[in-house]
Amino acid sequence: MNQRWRIFALWVLPIGMAILLAWQVFGSNQLNNQKTSSPIVAPRNAAVARMSYGRFLDYVEAGRVTAVDIYDGGRNAVVEAVDPELDNKVQKLRVDLPGLVPELINTLKSEGISFDIHPAKTTPPALGLFGNLLFPIILIGGLILLARRSNSMPGGPGQAMQFGKTKARFAMEAETGVKFDDVAGVNEAKQDLQEVVTFLKQPERFTSVGAQIPKGVLLVGPPGTGKTLLAKAIAGEAGVPFFSLSGSEFVEMFVGVGASRVRDLFKRAKENSPCLIFIDEIDAVGRQRGAGIGGGNDEREQTLNQLLTEMDGFEGNSGIIIIAATNRPDVLDSALMRPGRFDRQVSVDAPDIKGRLSILKVHSRNKKLSENLSLEGIARRTPGFTGADLANLLNEAAILTARRRKEAITLAEIDDAVDRIIAGMEGQPLTDGRSKRLIAYHEVGHALIGTLIKAHDPVQKVTLIPRGQAKGLTWFSPDDDQMLVSRAQLKARIMGALGGRAAEDIVFGRQEVTTGAGGDIQQVASMARQMVTRFGMSDLGPVSLEGDSQEVFLGRDLINRSEISDSIAKQIDEQVRAMVKHCYKETLLIVQTNREAMDKLVEVLIEKETMDGEEFQLILSEFTSIPQKERTIPILN
Ligand code: ADP
Ligand code: MG
Ligand code: ZN
């Protein structure tokens with residue numbers, strides 16, 4: 001955008017001026033040409049002598065004038081007069097006239113003097129007008145452009161021009177067309193919000209008994225869980241207009257814009273009440289004031305203050321309900337949560353397996369699914385997926401189906417779409433060779449630990465087909481929607497993650513291990529550290545040694561971090577290291593004792609490239625006994 005302005009200012013402006021200049025020169029040339037070709041010399045030609053109007057009238061009376069050419073709408077004329085003293089020699093004289101006066105014409109007529117009236121200008125009037133306006137237009141246009149351009153630079157001279165100028169950047173939908181039926185898997189939130197619909201539809205029911213209708217509701221939940229959709233559904237159910245604006249749009253570089261936007265928004269909303277105002281990402285403006293590195297953001301605070309003022313400024317019964325969404329309620333300014341503001345909180349969480357099933361039902365309404373494809377199966381395969389992820393999954397699967405020229409979406413497309421959403425695009429399989437063998441051992445190492453440790457999630461499949469950054473992948477199917485994770489499970493996960501490196505280590509030797517395990521090792525470190533500092537699962541005992549959030553920019557947490565003394569920090573490091581070392585030792589042992597099974601598994605994997613969990617177990621069970629995993633399979637209906 002900026003670039004375009006620059007091009008405009010650099011090129012169009014000078015070119016415009018050049019055209020103007022050329023046109024002036026060219027234009028007057030044309031005027032001259034015409035005049036020289038005509039029998040009478042141009043009126044402004046310096047060679048023509050001047051004569052006063054009075055003298056001209058005398059000459060007319062004396063019968064000395066033979067012809068008159070009137071120019072410029074009667075403002076001047078070239079007169080041919082004879083001089084009797086000079087042998088009746090014809091003289092050309094210029095006269096300034098008072099305009100096209102009828103008397104003059106009449107006199108000329110009655111005296112029998114030939115006269116002619118030339119049009120005011122040789123250029124057509126429209127073009128002439130344009131010519132007159134062109135320069136100012138270019139000038140003003142240029143100034144506006146320059147002002148805009150410098151607006152985009154902080155502290156530029158255009159800043160002052162931006163003051164008080166409001167650009168309405170909120171969207172208004174008279175009718176969202178979304179109903180509660182379109183939002184699935186968030187039944188508790190829907191129940192809570194059903195009341196808001198009633199507030200909007202029948203406020204009398206509440207006001208007649210003296211109840212104050214709440215002004216604000218805060219929707220809290222991770223991205224993609226359907227907060228925006230819910231807000232739209234409320235407006236849709238109540239049949240009221242939906243005003244929406246994103247918190248990040250408030251926060252602009254120029255002071256006062258955010259605040260005036262808030263004012264605008266509320267003004268428009270009041271004109272359209274009853275209605276619903278939706279403020280997305282309210283944490284962008286509603287952060288705890290006075291927090292953050294480098295002091296607060298003045299603009300943000302002003303915007304927030306304006307928002308609070310507006311919320312206080314209207315009666316609870318005026319038919320406006322504000323719904324705000326955030327995924328960080330912990331950073332919000334407490335003033336926002338006060339009674340009379342966003343005093344109601346509704347949490348919108350990632351759906352459980354039943355929720356996923358109902359979301360899948362909503363989004364498969366307009367898709368063709370093959371008959372043997374079960375939505376339950378998909379719901380089972382997708383723990384942790386949000387509504388947005390599921391919508392995306394079905395869409396990706398539909399695209400794949402179309403690409404494969406199939407009639408309906410089958411399990412194969414769903415599987416590929418899930419893999420793609422989680423791990424990225426599929427790459428080309430590696431050619432057989434040493435590095436493929438190493439990757440195969442690495443993956444089989446993960447899968448081996450995953451299968452042999454009871455607390456580990458079972459292996460779903462192992463593959464050597466690269467995806468995203470990974471050269472090979474081992475997929476596990478997590479037990480559905482685990483709320484609580486035990487110490488044994490965390491340890492199993494650490495060992496599972498170390499399985500790849502352990503296999504490389506044992507089969508190829510310490511000098512040959514590769515960078516491929518980098519991601520695994522990072523995961524191991526973070527899990528072990530959390531066990532020590534957050535979950536109290538180390539010898540340091542059940543103490544929390546770190547705040548919930550490590551984000552520096554929040555400021556509030558910055559202080560907490562330094563509360564850990566140097567000696568505690570050292571102890572934490574020691575505990576983490578000891579834990580990982582212990583796990584690695586155990587992992588190496590398992591790999592070593594199952595070396596023979598691994599060789600066989602790798603051979604099969606290299607040949608087939610992808611192996612599913614059952615096949616893996618089958619081959620492994622020929623060499624050793626496999627523990628039965630405890631699973632809680634939820635019942636769906
Ligand atoms: P958020 O505002 O919480 O980030 P959105 O409401 O913007 O999430 O959701 C994005 C899209 O994901 C929606 O348009 C919808 O297609 C889908 N979606 C998300 N949650 C749900 C849900 N609970 N039910 C149905 N569709 C959902
Ligand atoms: Mg949203
Ligand atoms: Zn790995």
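Just so you know, ligand 1 is whichever comes first in the structure, and atom 1 is the first atom listed for that ligand.
- Closest protein heavy atom to atom 4 (O) of ligand 1: G224 N, 2.8 Å.
- The closest side-chain donor-acceptor pair between T410 and E413 falls under 3.5 angstrom.
- The protein heavy atom nearest to atom 10 (C) of ligand 1 is A388 CB, 4.0 Å.
- In this structure the side chain of I213 reaches within 4.5 angstrom of the side chain of I321, judged on heavy atoms.
- Here the N, O or S atom of D520 that is nearest to the Zn ion (ligand 3) is OD2.
- Below 3.5 Å of separation, one finds no N or O of V186 facing any N or O of ligand 1.
- The aromatic rings of F476 and H456 sit tilted relative to each other, their planes meeting at an angle between 30° and 60°.
- Residue-level proximity to ligand 1 for I359 is carried by the side chain, the only part with a heavy atom below 4.0 angstrom.
- Rounded to the nearest 0.5 Å, atoms CE (M495) and OG1 (T587) are 4.0 Å apart.
- Every atom of ligand 1 is numbered from 1 in the order shown, and the set under 4.0 Å from a heavy atom of P223 is 4 (O).
- The nearest protein atom to atom 21 (C) of ligand 1, hydrogens excluded, is given as G387 CA, 3.8 Å; this is a heavy-atom distance.
- The distance from ligand 1 to the heavy atoms of D182 drops below 4.0 Å at these ligand atoms: 24 (N), 25 (C).
- The single protein non-hydrogen atom nearest to atom 5 (P) of ligand 1 is G226 CA, 3.9 Å, given as residue, atom name and distance.
- Under 4.0 angstrom from ligand 1, there are no non-hydrogen atoms of L390.
- Closest approach of C583 and K491 over heavy atoms only: SG-CG, 3.9 Å.
- Residue, atom and distance of the protein heavy atom nearest to atom 2 (O) of ligand 1 are T228 OG1, 2.6 Å.
- The N, O or S atom of H442 lying closest to the Zn ion (ligand 3) is NE2.
- A side-chain donor from one of E504 and T514 sits under 3.5 Å from a side-chain acceptor of the other.
- Expressed to the nearest 0.5 Å, how far CZ of F278 lies from OG1 of T176 amounts to 12.0 Å.
- Using modelled atom types, no side-chain atom of K608 and backbone atom of E603 make a donor-acceptor pair closer than 3.5 Å.
- K179 contributes no side-chain N or O that, together with a main-chain N or O of A233, makes up a donor-acceptor pair within less than 3.5 Å.
- Nearest to atom 13 (C) of ligand 1 by heavy-atom distance, out of L229, V183, N395, is L229.
- Distances from ligand 1 to the non-hydrogen atoms of A325 include no value under 4.0 Å.
- For ligand 1, one of its N or O atoms has an N or O atom of H363 under 3.5 Å away.
- At a cut-off of 2.8 Å, E443 does not coordinate the Zn ion (ligand 3) through any N, O or S atom.
- Between I234 and the choices V240, V217, V178, V196, the side-chain contact (heavy atoms from CB on, under 4.5 Å) rule is met once, by V196.
- Among the atoms of A184, some N or O lies under 3.5 angstrom from an N or O of ligand 1.
- With rounding to the nearest 0.5 Å, the separation of CD1 in I449 from CD in E586 is 9.5 Å.
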